[in-house]
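Working notes for the structure below.
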Number of protein chains: 2
Amino acid sequence: MKVVMDINYINMNEIEKFFASKKIRVTAMRLLIYKFLAEKEVAVTLSDIENAFEKADRTTLYRTIKTFEEKAIVHQIDDGTGITKYALCEKGCNCEIETDLHLHFHCNNCNKTICLTDHKIPQIKVPEGFISENVNLVVKGICDKCSGQ
Amino acid sequence: MKVVMDINYINMNEIEKFFASKKIRVTAMRLLIYKFLAEKEVAVTLSDIENAFEKADRTTLYRTIKTFEEKAIVHQIDDGTGITKYALCEKGCNCEIETDLHLHFHCNNCNKTICLTDHKIPQIKVPEGFISENVNLVVKGICDKCSGQ
DNA sequence: CTAATGCTTGCAATGGAAGTGCAATTATTG
DNA sequence: CAATAATTGCACTTCCATTGCAAGCATTAG
């Protein structure tokens with residue numbers, strides 16, 4: 001796939017180094033998708049990415065995201081809309097590590113889902129015999145932009 | 001649809017009264033599905049119900065569950081598997097009321113999802129400007145039955 | 001530099017779950 | 001019993017997730 005590289009080269013170099021550190025190949029598609037995610041403040045669906053890159057194949061986007069997920073570059077968010085969303089992991093975010101989970105906010109008005117990375121999930125107690133490995137917490141309501149009006 | 005009523009009649013009468021109090025009609029299908037849910041300790045998917053009542057149409061099961069949901073007889077659970085699950089509301093469970101939310105536990109081993117009705121969700125703080133209306137919390141790990149071995 | 005290898009991409013197709021329109025059936029009410 | 005309203009079953013449709021295979025491109029060994 002040929003793309004016009006109208007994107008910041010300095011940034012790109014950094015991303016390339018980042019990809020190398022994650023031991024994945026640097027491809028145009030991956031760079032573009034990474035950049036797209038980095039520019040968004042909200043979690044996106046596969047369809048969002050699809051619409052942003054209409055020339056690319058859905059499968060490629062899908063597998064790119066899956067690759068990112070495996071390498072802990074993005075994390076999946078299940079916000080209860082039924083559609084899986086994705087967002088870049090923050091610096092130092094260790095999504096694989098159970099204790100590092102932040103919560104997600106889903107706005108019922110604008111339908112956007114945001115990572116509240118500063119808001120760690122409190123310790124949840126589970127009954128005797130249960131072993132907690134992972135916690136998913138989604139708060140639904142009205143986001144700051146929608147409530148401000 | 002004709003069904004063999006090989007089920008406890010005394011129970012059935014109670015369920016009928018319950019349905020009446022919820023202002024929904026008593027039908028064979030609804031009684032059977034309610035009984036099915038009551039006998040399960042875990043949240044079930046539409047497919048689970050489908051497999052249990054192979055003679056019934058999927059649409060009927062689907063709409064029955066939707067009716068139950070509207071009348072706050074069952075509540076939906078989104079446990080992150082991507083498939084919506086349902087469980088009976090407990091006595092006094094007010095799923096419509098945001099403050100009454102309990103957490104759910106999803107076992108990564110047996111793949112079952114359980115309502116931990118005794119475990120209320122702690123108050124979650126959201127940033128300035130955000131309005132919390134609803135909280136969904138799913139803990140994943142190993143359940144008591146699977147960890148006991 | 002070139003060939004061999006392996007990862008990446010695109011196309012086509014599949015599968016599963018959710019949801020809807022309509023007609024037929026069943027229950028309720030007057 | 002007749003009229004009305006709710007419920008059920010069938011046939012589709014839509015949408016998202018996922019996979020197999022072949023072609024293309026990048027990396028490595030020689």
Side-chain angles (χ1 to χ4, degrees), chain A residues 1-3 5 12 15-17 19-34 36 43-71 73-86 111 113, chain B residues 1-3 5 12 15-17 19-34 36 43-71 73-86 111 113:
Chain A
M1 185 214 177
K2 288 256 180 272
V3 287
M5 297 294 263
M12 282 295 129
I15 301 175
E16 285 187 26
K17 280 179 203 160
F19 282 2
S21 79
K22 292 285 187 178
K23 296 201 176 97
I24 60 167
R25 286 194 188 164
V26 178
T27 69
M29 221 41 253
R30 288 180 180 167
L31 287 170
L32 287 169
I33 294 177
Y34 187 92
F36 175 75
V44 300
T45 65
L46 210 53
S47 297
D48 292 335
I49 304 176
E50 224 178 302
N51 294 333
F53 301 99
E54 295 197 341
K55 287 171 194 155
D57 189 82
R58 233 211 326 268
T59 315
T60 306
L61 304 174
Y62 172 74
R63 286 197 263 233
T64 301
I65 281 288
K66 285 288 163 196
T67 304
F68 282 1
E69 225 188 312
E70 281 166 21
K71 301 296 177 179
I73 295 168
V74 305
H75 60 273
Q76 242 195 31
I77 301 160
D78 176 15
D79 64 5
T81 54
I83 302 161
T84 307
K85 295 188 178 174
Y86 303 91
N111 213 33
T113 298
Chain B
M1 185 216 178
K2 289 254 179 277
V3 287
M5 300 290 266
M12 282 295 129
I15 301 175
E16 285 188 26
K17 281 179 202 160
F19 282 1
S21 78
K22 292 284 188 179
K23 297 201 176 96
I24 61 167
R25 287 194 187 167
V26 178
T27 69
M29 220 42 251
R30 287 179 180 168
L31 287 171
L32 286 170
I33 293 177
Y34 186 91
F36 176 74
V44 300
T45 65
L46 211 51
S47 297
D48 292 336
I49 304 177
E50 224 179 303
N51 293 334
F53 301 98
E54 294 197 341
K55 286 170 195 157
D57 189 82
R58 232 207 337 261
T59 315
T60 306
L61 303 174
Y62 172 73
R63 286 197 263 233
T64 301
I65 281 289
K66 285 288 164 196
T67 305
F68 282 1
E69 224 186 313
E70 282 166 22
K71 301 295 176 178
I73 296 170
V74 304
H75 61 272
Q76 244 194 33
I77 301 160
D78 176 14
D79 64 5
T81 53
I83 303 162
T84 307
K85 295 189 178 174
Y86 303 90
N111 213 33
T113 298

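In what follows, chains are A, B, ... by sequence order, proteins preceding strands, each numbered from 1.
- A distance of 7.5 Å separates CG of A:D48 from NZ of A:K85, quoted to the nearest 0.5 Å.
- Note on B:K66: only backbone sugar-phosphate atoms sit closer than 4.0 angstrom, heavy atoms only; bases stay farther off.
- Within the 4.0 angstrom heavy-atom criterion, only backbone atoms of the sugar-phosphate kind lie near B:L46; the bases stay farther away.
- Atom P of nucleotide D:dT18 and atom CG of A:L61 are separated by 14 Å, given to the nearest angstrom.
- Listed pair A:T60 / C:dG10 meets the phosphate criterion, a side-chain N or O lying under 4.0 Å from OP1 or OP2.
- In this structure, the CZ atom of B:R30 is 7 Å from the C1' atom of D:dT7, given to the nearest Å.
- Across all strands, B:T27 comes closer than 4.0 Å only to sugar-phosphate atoms, never to a base (heavy-atom distances).
- Between the P atom of D:dA6 and the CZ atom of B:F19 lies a distance of 17 Å, rounded to the nearest Å.
- Using a 4.0 Å heavy-atom criterion, one finds that A:T84 contacts the sugar-phosphate atoms exclusively.
- Projected onto DNA chain C by closest heavy-atom contact, B:V26 and B:G82 fall at different nucleotides, the more 5' of which corresponds to B:G82.
- Listed candidates were D:dG9, D:dT8, D:dA17. Nearest to the side chain of A:R58 is D:dA17.
- If you measure from atom CZ of B:R63 to atom C1' of C:dT25, you get 14 Å, rounded to the nearest angstrom.
- The CD1 atom of B:I24 sits 12 Å away from the C1' atom of D:dA6 (whole-angstrom rounding).
- The CD-P distance, from A:E70 to C:dC7, rounds to 12 Å in whole Å.
- Atom CD in B:E54 sits roughly 18 Å away from atom C1' in D:dT8 (whole-Å rounding).
- At a threshold of 4.5 Å between non-hydrogen side-chain atoms, the residues B:H75 and B:Y86 do not count as touching.
- Ring planes of A:F19 and A:F68: tilted class, angle from 30 to 60°.
- Listed pair A:Y62 / D:dA17 fails the phosphate criterion, with no side-chain N or O lying under 4.0 Å from OP1 or OP2.
- Listed here is the closest heavy atom pair of B:K71 and B:K23: NZ-O, 4.3 Å.
- For A:T59, counting side-chain heavy atoms from C-beta on, the closest listed nucleotide (C:dA12, D:dT8, C:dT9) is C:dA12.
- Closest to the side chain of A:R25, from the set D:dG20, D:dT27, D:dC10, is D:dT27.
- Counting non-hydrogen atoms under 4.0 angstrom, B:S47 reaches the backbone sugars and phosphates but no base.
- Atom CD1 of A:I65 is separated from atom OH of A:Y34 by 11.5 Å, given to the nearest 0.5 angstrom.
- Rounded to whole Å, the distance from CD1 on A:I83 to C1' on D:dT18 is 16 Å.
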